[in-house]
Amino acid sequence: MCDSCGCNVTSGNRHLAYKPVKAGTSAVSVLKKLLAHNDDQAAHNRAHFDARGILTINLMSSPGSGKTALLEATIDALKDEFGLAVIEGDLETENDAARIRARGVPAHQITTGSACHLDAHMVHEALHQLDLSGVDILFVENVGNLVCPASFDLGQHRNVTLLSVTEGDDKPAKYPVMFRAADAVVLSKVDLLPVLDDFDPARAELCLRQLASTVPLLPVSARKGQGMTAWYDWLRSELAAQRARVALGKTAKPFIQLDGASLHAHAEVSV
Amino acid sequence: MHELAVCQALVAQSIDIAQQHAALGVAVIRLHIGPLSGVEPALLQSAFPLAAAGTLAAAAQLVITPQPVRVRCKTCGADSEATPNRLLCGVCGDYHTQLVSGDEMLLVNLELIT
Ligand SMILES: Nc1nc2c(ncn2[C@@H]2O[C@H](COP(=O)(O)OP(=O)(O)OP(=O)(O)O)[C@@H](O)[C@H]2O)c(=O)[nH]1
Ligand SMILES: [Zn+2]
Ligand SMILES: [Zn+2]
Ligand SMILES: [Zn+2]
Ligand SMILES: [Zn+2]
């Protein structure tokens, strides 16, 4: 085992580690997650949040699924109960951050240019420009995209994936990586269900369960206020869980990474 | 398309390791990629030369071994093969399963020119 190059050889992967190679070359087994640099920064971000007792939630969905509308309604309902702040990720424009600030909550906009996702470094820069004093829940609205955002740990504690009823009920089957990363799935714009004849919420749930996901599926309409109580209760219970963890000096990553780390014989396990 | 970002991380890591071993260059980079990792092997292959250009890894061969999707059933305990969007137990059909393999995105092995 070579500590200096960060390799992580266990009985489960030793067969990969030392292979005969051509003269003039030497095998160096590394077994690192490709995004280790991002993951290190994410761990640092998470330490910032935990030091302040903040719960950080990453919102992901297709463009236009209703992330900002969900945040606006949540701010109106909860801003007297909790300190809230938002980091917005968008390709261009400050529009979403302006919508949040109009509700009286601090927001920082990250404009990614052409990047289709946020990464931990972008979030770190945003953190140092946001006043986090008195903040209980920090929302990160990721770039609208069902592919890339699922691959980057930002330092958040929980992932929420939105599926709007205008997108089709088979989205979880088409984007399994994204939906498997969710700690809760919000079925948004349910006020439109009566005018859509082909979206079956039961089929959407079946597609989600076929990904072995047992997380809550919360049907809401941010516009009409339907189902929002269950969403607020989920947030309250997650904040309580975060406070309990912080009191014990513990932290949490989104569900998916824990699952993988504990089961894969050769996965790098980081705390 | 985040494969370029992944490739840049991959090249940076490989170069770090090459430098720690005082290598002249990187000959081979071996990866394990599962279909549930969120990266496409073909896109990684095409992004790699771009990310590696002008570095110690510029001439490296990128070898990607796809990993199978396997689940372990929490209900009956069986291990079985699955597909990326049907992670059900192959024995009893239950959805209370955990992924045993299929989401890995690992830099497994490097061959360095020394
Ligand atoms: N009928 C209905 N429309 C909604 C609801 N929530 C959002 N919308 C509409 O859907 C459109 C997009 O909503 P946004 O909240 O901007 O969506 P977003 O996910 O933040 O979009 P991006 O940041 O661009 O990815 C807007 O026209 C909203 O008014 C809802 O509950 N019901
Ligand atoms: Zn938005
Ligand atoms: Zn910092
Ligand atoms: Zn992309
Ligand atoms: Zn079973």
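Sequence lines set the chain letters: A, B, ... in the order given, protein chains first and strands last, and positions in each chain run from 1.
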inquiry  = For a 4.5 angstrom cut-off between non-hydrogen side-chain atoms, does A/Ser151 reach B/Val6?
reply    = no
query = Just one of A/Asp119, A/Leu35, A/Val147 clears the side chain to side chain contact (heavy atoms under 4.5 Å, CB included) bar with B/His2, so which one?
reply = A/Val147
request  = Determine whether more than 12 heavy atoms belonging to other residues, nucleotides or ligands lie under 6.0 Å from atom NE2 of A/His37.
outcome  = no
Side chain proximity check, A/Leu34 to B/Leu31, heavy atoms < 4.5 angstrom = yes
Part of B/Thr83 lying under 4.5 Å from any heavy atom of chain A = neither
ask   = Among A/Pro172, A/Ser213, A/Ala212, A/Cys207, which residue forms the greatest number of heavy-atom pairs with chain B at distances under 4.5 Å?
value = A/Ala212
query = Using a cut-off of under 4.5 Å for heavy-atom pairs, which of A/Arg209, A/Met178, A/Lys174 has the most such pairs with chain B?
reply = A/Arg209
remark   = Nearest heavy-atom approach of B/Pro84 to A/Leu211 is O-CD2, 3.8 Å
request  = Give the minimum heavy-atom separation between A/Ser29 and B/Val108, together with the two atoms involved.
outcome  = OG-O, 3.1 Å
message = Heavy-atom pairs under 4.5 Å with chain A: which of B/Gly38, B/Cys89, B/Ala12 has the most?
response = B/Gly38
query = Any chance NZ of B/Lys74 has more than 12 other-residue heavy atoms, nucleotides or ligands included, within less than 6.0 Å?
reply = yes
ask   = Is a side-chain donor or acceptor of A/Thr214 paired with a backbone partner of B/His96 at a separation under 3.5 angstrom?
value = no
Sub-4.5 Å side-chain heavy-atom contact between A/Gln210 and B/Leu88 = yes
key: Part of B/Leu24 lying under 4.5 Å from any heavy atom of chain A   = neither
message = With a 4.5 Å cut-off on side-chain heavy atoms, are B/Gln13 and A/Lys32 touching?
response = yes
ask   = When only pairs under 4.5 Å are counted, which of B/Ile113, B/Asp16, B/Leu87, B/Leu36 shares the most heavy-atom pairs with chain A?
value = B/Leu87
